[in-house]
**Student:** 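Sharing a structure below in structure tokens format, with a few things to ask.
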Amino acid sequence: MAKGYIIGHITVRDPEAYKDYVALDTPILERLGGRFVVRGGQAEVVEGETNERHVVIEFPSYRAALDAYNDPDYQAAAAIRRRAAESVMLVVEGV
């Protein structure tokens, strides 16, 4: 079965509030089967434009990733991210 991923491209506007989001989202997404593959770190845009920070969270399946994103506990945490940062979030199926 193909894995599923939540991928985020984020530009933080309020670092203190964003720390609150990270503290909440990590245990929620891990409880829901997620494994952080990329979380911030060094990145270089080699084509096009994107936000400053990149996150990739792997799940056992596309359905598991989509369910995790839509989970009410995660959505409560995501409300903090939405206030603290600009973000583009995707749920994608892997190979």
Side-chain angles (χ1 to χ4, degrees):
M1 175 182 295
K3 303 243 183 210
Y5 298 86
I6 295 176
I7 301 173
H9 305 287
I10 302 158
T11 298
V12 176
R13 300 290 182 216
D14 181 345
E16 290 305 311
Y18 192 79
K19 287 179 190 176
D20 294 338
Y21 163 68
V22 170
L24 288 173
D25 90 318
T26 301
I28 293 167
L29 293 172
E30 288 177 345
R31 174 178 52 82
L32 295 169
R35 180 178 71 87
F36 285 83
V37 178
V38 175
R39 188 164 214 173
Q42 187 172 347
E44 182 174 333
V45 177
V46 294
E47 286 190 35
E49 297 179 25
T50 190
N51 289 332
E52 297 171 354
R53 179 179 174 83
H54 311 284
V55 179
V56 177
I57 309 155
E58 182 181 77
F59 289 84
S61 67
Y62 175 78
R63 173 54 46 198
L66 195 58
D67 288 348
Y69 178 81
N70 289 309
D71 181 85
D73 290 339
Y74 175 71
Q75 284 301 310
I80 297 169
R81 174 182 40 79
R82 291 183 191 108
R83 289 190 302 270
E86 294 176 24
S87 55
V88 175
M89 304 296 289
L90 302 96
V91 176
V92 300
E93 184 176 52
V95 294

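Quick note: numbers below take in every heavy atom, side chains included, and nothing from hydrogens, waters or symmetry partners.
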**Student:** Considering only heavy atoms from C-beta outward, does the side chain of Tyr18 approach that of Arg83 to under 4.5 Å?
**Tutor:**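 Not touching, per the 4.5 Å side-chain cut-off.
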
**Student:** What distance separates Asp73 CG from Arg31 CZ, expressed to the nearest 0.5 Å?
**Tutor:** 5.0 Å

**Student:** Would Leu24 end up clustered with Phe36 when hydrophobic side chains under 4.5 Å apart are linked, directly or stepwise?
**Tutor:** yes

**Student:** Which heavy-atom pair separates Met1 from Ser61 by the least distance, and what is that distance?
**Tutor:** SD-CB, 3.3 Å

**Student:** Nearest 0.5 Å, please: how far is CD in Gln75 from CG in Asn70?
**Tutor:** 6.0 Å

**Student:** Taking all atoms of both residues into account, what is the closest heavy-atom pair of Gly34 and Ile57, and its distance?
**Tutor:** CA-CG2, 3.9 Å

**Student:** So that I can tick it off, tell me whether Arg13 and Glu86 are bridged by a salt bridge, with the cut-off set at under 4.0 angstrom between side-chain N and carboxylate O.
**Tutor:**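 Judged by the 4.0 Å cut-off on N to carboxylate O distance, Glu86 and Arg13 do form a salt bridge.
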
**Student:** Under 4.5 Å between side-chain heavy atoms, hopping through other hydrophobics if needed: is there a path connecting Val22 to Val88?
**Tutor:** no

**Student:** For residues 74-95, which residue pairs pass the ring pair (Phe, Tyr, Trp, His ring centres under 6.0 Å) check, not counting sequence neighbours?
**Tutor:** Tyr69-Tyr74

**Student:** Please report the closest heavy-atom contact between Glu93 and Ala2, naming both atoms and the distance.
**Tutor:** CG-CB, 3.7 Å

**Student:** How long is the span from the CD atom in Glu58 to the NZ atom in Lys3, to the nearest 0.5 Å?
**Tutor:** 4.5 Å

**Student:** Under the criterion side-chain contact (heavy atoms from CB on, under 4.5 Å), which of Val38, Ile6, Asp25, Ile10 is the partner of Val55?
**Tutor:** Ile10

**Student:** Looking only at non-hydrogen atoms, find the nearest pair between Phe59 and Gly33 and report the distance.
**Tutor:**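 Reported closest heavy-atom pair: CD2-C, 3.7 Å.
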
**Student:** Main chain of Asp67, side chain of Asp71: is a donor-acceptor contact present, judged purely on distance under 3.5 Å?
**Tutor:** no

**Student:** Quick one: are His54 and Arg39 in side-chain contact, heavy atoms under 4.5 Å?
**Tutor:**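 They are not in contact (no side-chain heavy atoms under 4.5 Å apart), so the answer is no.
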
**Student:** So, Asp14 side chain and Ala84 main chain: donor-acceptor pair closer than 3.5 Å or not?
**Tutor:**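 Here the side-chain-to-backbone pair does not exist.
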
**Student:** Starting at CG of Leu90, measure out to CD1 of Ile7 and round the result to the nearest 0.5 Å.
**Tutor:** 6.0 Å

**Student:** If you take all heavy atoms of Ile80 and Ala17, which pair is closest and at what distance?
**Tutor:** CG2-O, 3.3 Å

**Student:** Determine whether the side chains of Ser87 and Arg81 contain a donor N or O and an acceptor N or O closer than 3.5 Å.
**Tutor:** yes

